[in-house]
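In what follows, a single structure is set out as C-alpha cells and then discussed.
Letters A, B, ... are given to chains in the order of the sequence lines, protein chains preceding strands, and every chain is numbered from 1.
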Amino acid sequence: MQSKLSWQEFIITRAIKASGYSAIVFVALIFYFLLREGLPTLGEVPLGDLFAARWYPIESYFGILPLLSGSLLVTVGATLVAVPFGLGTAIFIAEIAPRWAREILKPLVELLGGLPSVVLGFLGILALAPNLRVFLNLPTGLTALTGSLLLGGIAVPTVVSVAEDALDSVPRAYREGAWALGATRWQTIWRVTLPAARSGVLTGIMLGVGRAIGETMTVMMVTGNAPVLATGLGAFFSPVRTMTATIAAEMGEVANGSVHYHTLFFIGMVLFLISLAVNVTASAMVFRSQKRAERVLS
Amino acid sequence: MTEKIQIEHLTLQYADGAESLRDISLNVRENAITVLFGPAGGGKSSLLRCLNRLNDLADVKTVSGKILLDGENILDPQTDVIALRRKVGMVFARPVVLPFSIYGNLTYGLEVMGEKRKLRLDEAVERSLRQAALWDEVKERLDDPAIALSGGQQQRLCLARALALEPEVILLDEPTSGLDPISTGKVEASLQELKKNYTILLAPHSVQQAARVADYAAFFLQGELVEFGEGKTLFTTPRQKRTEDYVTGRFG
Ligand SMILES: Nc1ncnc2c1ncn2[C@@H]1O[C@H](COP(=O)(O)OP(=O)(O)OP(=O)(O)O)[C@@H](O)[C@H]1O
Ligand SMILES: [Mg+2]
C-alpha cells in the first residue's frame with residue numbers, strides 16, 4: 001500500500017515537472033529555430049538596408065521599418081481602443097450592472113472572445129471598412145484605423161473577462177468602507193476598487209494587447225497591406241502592413257533558403273523579441289506590486 | 001440631554017423575505033453611549049446599517065417606518081446620502097483598511113469631500129489618531145501601508161478614520177471583536193472620552209462589554225426590540241424575563 005502510494009506520487013510529480021519544463025523547452029526551441037533561419041539575413045543584407053524604409057522583396061529591397069511601423073501603429077491603436085472600452089465594460093459588469101444584466105453580459109463577452117478572427121475580418125471588410133471610407137471621406141476603407149478598431153475589438157473580451165474577475169474578487173468590505181466615509185460610487189470605484197484589483201486588471205490588459213500584437217488574419221484582411229513607412233498620425237488613415245501579415249502572406253511563396261526566406265524569419269525573430277519584452281515588462285510590473293503587498297502582509 | 005435620533009416603527013426586510021427588524025421604536029440620546037446587544041442574528045448590524053443608509057447597497061426588499069436624525073427623516077428618498085454618511089460615521093466589525101498608507105486612510109474621506117489643504121489634512125490626521133488612542137503608536141510611520149498594522153491598530157485606525165470627518169454620530173459594530181483585553185480597554189476608554197462630543201451607538205461583542213460601556217442599552221432578539229432602558233437598571237434589574245435570561249447567561 002505504502003509503496004503503491006509513493007509510486008503514484010513519483011509518477012504524478014514527474015509528469016507535472018515534465019510538462020512544466022517542456023513549456024520552457026518549446027519556447028527555447030522556437031527561438032533557436034527562428035535564430036537559425038533568421039540570423040543569416042544579417043550576413044546577406046547590410047544592416048542599413050534592413051532597417052530601411054522600402055519593403056519590395058521582388059527587387060531585393062528588404063527594409064523592415066514599414067512593417068515595424070505598421071505593427072506599432074495598429075497595436076497602439078488597438079490598445080487605445082481596447083483599454084478604455086474593456087475597462088469600462090469590466091467596471092460596468094462588475095460594479096454597476098444589476099445582477100440579471102451581468103448574468104447575461106459576462107457569458108456574452110466570453111462568447112465574443114471565442115469568435116474566430118477570420119469572421120471578424122469579414123465583418124471588417126463588409127461592414128466597417130466601407131462605412132469608414134464614406135464617413136471619413138478616404139480613398140480606401142482598408143487602413144490602419146480599420147485594423148486598430150477591429151484588433152481593439154478582438155482584445156476587448158480578454159481585457160473585460162480578466163479585469164472583471166479581478167474587480168469582482170475585491171472584498172465587498174473595501175467598498176463598504178469607502179461608502180461609509182461618504183465616497184460616491186465613482187470615487188469608490190476609481191480610488192479603492194480599481195487600485196485594489198490593479199494586478200489583475202493589468203494582466204487582463206497585457207493578455208488583450210498580446211492577442212492584438214500576434215493577430216494575423218484580421219489585419220491581413222482589413223489594413224490594405226501596403227508596406228509604407230508611417231511618418232505621422234496621418235498614417236492611421238492610410239493602408240499599412242504589419243509584420244505578422246507579411247510573414248503569413250509571403251511565407252508560402254518564398255524559396256526555401258533564399259534571402260527573402262531568411263528575412264521573413266528575421267521578422268519573426270523581431271516579433272518574438274517584442275512580445276517577450278512586453279510580457280517581461282508586464283509580469284515585472286505585476287510581480288512588483290504583488291511583492292509589495294506580500295511584504296506588507298507578512 | 002436631547003434626543004439625537006428617533007427611530008419610529010422601523011421594519012426591515014431583506015430580499016430573502018425574513019424580517020430582520022420588526023417595528024423598532026427607539027430614541028438615542030446625544031452625548032451618550034447607546035448599546036445594541038443580543039444574540040447573533042438579532043438585527044443589531046442591520047439597524048446600524050440603516051442609520052447611515054449603507055443598507056441601500058444590500059439586498060433590501062422593504063424598509064418602512066422613520067428614522068429622524070435631528071428631526072429629519074433620513075429614510076426619505078430625497079436625503080443626501082453622501083452628506084448623511086459624513087455626519088454618521090461607521091466602524092465595522094472586521095477592520096477594513098483601504099489599500100493606502102495610514103495617512104491615506106485617514107484623509108480619504110476628507111479628500112473625496114474636496115479638502116486639499118495639506119495643513120487641514122495633517123491636523124485632522126493627528127487629532128483623529130489622538131482621539132482613537134493610536135497617535136503614539138503610528139506617528140513615526142504614517143506613510144506605511146495601513147495593512148501593515150496589527151489587527152487592534154487597524155481597528156483603531158478605522159475608528160480614527162471615521163473621526164477624521166468630524167461626524168456627529170458614530171456607529172460601531174463590534175469594534176473590539178478580535179482584540180486583546182488591553183486594546184479593548186484602550187478603545188473603551190477612548191469611547192468614554194468621545195461621548196462628550198459625539199452620539200455613539202455600539203453593538204458590543206459581549207454582554208460584559210455592553211454592561212461596561214452602556215449609558216443606555218437595547219436588547220434585540222430576532223429582529224425585535226425586547227427591552228430598552230438605562231444601562232444601569234437594564235443590566236441589574238431587567239423588566240423582561242427574556243432580557244434577564246440573556247443577561248445572566250441562562251439563555252435558551
Ligand atoms: N445582506 C443581507 N441579506 C440578507 N439577509 C441579511 C443580510 N444581512 C443580514 N441579514 C439577515 O438579517 C438578520 C439580522 O442580521 P444582523 O447582521 O443584523 O444581525 P446581528 O444582530 O448584527 O448579528 P451578529 O451578532 O451575528 O452580528 C439575520 O437573520 C441575517 O441573516
Ligand atoms: Mg452584526
Side-chain angles (χ1 to χ4, degrees), chain A residues 87 90-103 163 165-204 285-298, chain B residues 15 45 48-49 51-59 80-102 104-115 128 144-149 154 157-158 160-167 170-173:
Chain A
L87 267 188
I91 290 175
F92 178 75
I93 295 180
E95 304 289 317
I96 297 168
R99 187 170 301 166
W100 62 266
R102 52 188 294 185
E103 264 155 32
D165 281 340
L167 289 171
D168 205 42
S169 62
V170 173
R172 187 178 169 76
Y174 274 23
R175 295 174 197 138
E176 294 195 337
W179 289 329
L181 289 172
T184 63
R185 203 167 203 178
W186 278 114
Q187 289 165 334
T188 306
I189 291 172
W190 192 242
R191 292 280 313 274
V192 176
T193 320
L194 257 186
R198 187 183 43 208
S199 86
V201 169
L202 216 63
T203 307
M285 273 158 80
V286 171
F287 186 63
R288 211 183 53 200
S289 56
Q290 247 172 22
K291 245 192 7 203
R292 215 171 51 220
E294 272 160 22
R295 194 193 72 216
V296 156
L297 283 172
S298 63
Chain B
S45 303
L48 290 180
R49 294 163 60 91
L51 295 175
N52 66 351
R53 295 265 306 259
L54 207 56
N55 260 343
D56 287 12
L57 302 137
D59 281 333
D80 179 352
V81 181
I82 303 299
L84 171 71
R85 292 191 188 135
R86 286 180 190 140
K87 203 161 146 185
V88 182
M90 182 161 196
V91 180
F92 299 88
R94 256 166 284 130
V96 261
V97 299
L98 299 172
F100 317 137
S101 66
I102 296 174
N105 263 273
L106 292 164
T107 53
Y108 181 71
L110 290 168
E111 274 171 24
V112 298
M113 256 170 87
E115 179 63 73
S128 59
D144 281 9
I147 201 150
L149 294 171
Q154 288 187 22
L157 180 68
C158 290
R161 189 174 69 188
L163 294 172
L165 283 172
E166 301 187 66
I170 309 172
L171 313 173
L172 301 132
D173 196 350

A:Arg175 versus chain B, heavy atoms under 4.5 Å apart: side chain, backbone, both or neither? neither

Atom pair CD/CD of B:Glu111 and A:Gln187 - distance to nearest 0.5 Å: 10.5 Å

Within the supplied structure, the quantity of interest is the number of heavy atoms (other residues, nucleotides, ligands) at a distance under 6.0 Å from B:Arg94 CZ; does it exceed 12? no

With a 4.5 Å cut-off on heavy-atom pairs, point out which of A:Ala178, A:Pro195, A:Ala180, A:Ala196 contacts chain B the most. A:Ala180

Output for pair (A:Leu181 CG, B:Arg86 CZ), nearest 0.5 Å, gives 9.5 Å

Heavy-atom cut-off 4.5 Å, strictly under: side chain, backbone, both or neither for B:Val97 against chain A? backbone

Whatever's closer than 4.5 Å to a heavy atom in chain A on B:Arg161 counts as both

Quick check on B:Val96 against chain A: is it the side chain, the backbone, both or neither that has a heavy atom closer than 4.5 Å? side chain

Quick check: do B:Asp56 and A:Trp179 have side-chain heavy atoms less than 4.5 Å from each other? no

With a 4.5 angstrom heavy-atom cut-off, could you sort out which part of A:Arg191 is near chain B: side chain, backbone, both or neither? both

Counting heavy-atom pairs closer than 4.5 Å to chain A, which one of B:Tyr108, B:Phe92, B:Phe100 comes out on top? B:Tyr108

Given a strict heavy-atom distance threshold of 4.5 Å, which part of B:Ile82 is in contact with chain A: side chain, backbone, both, or neither? both

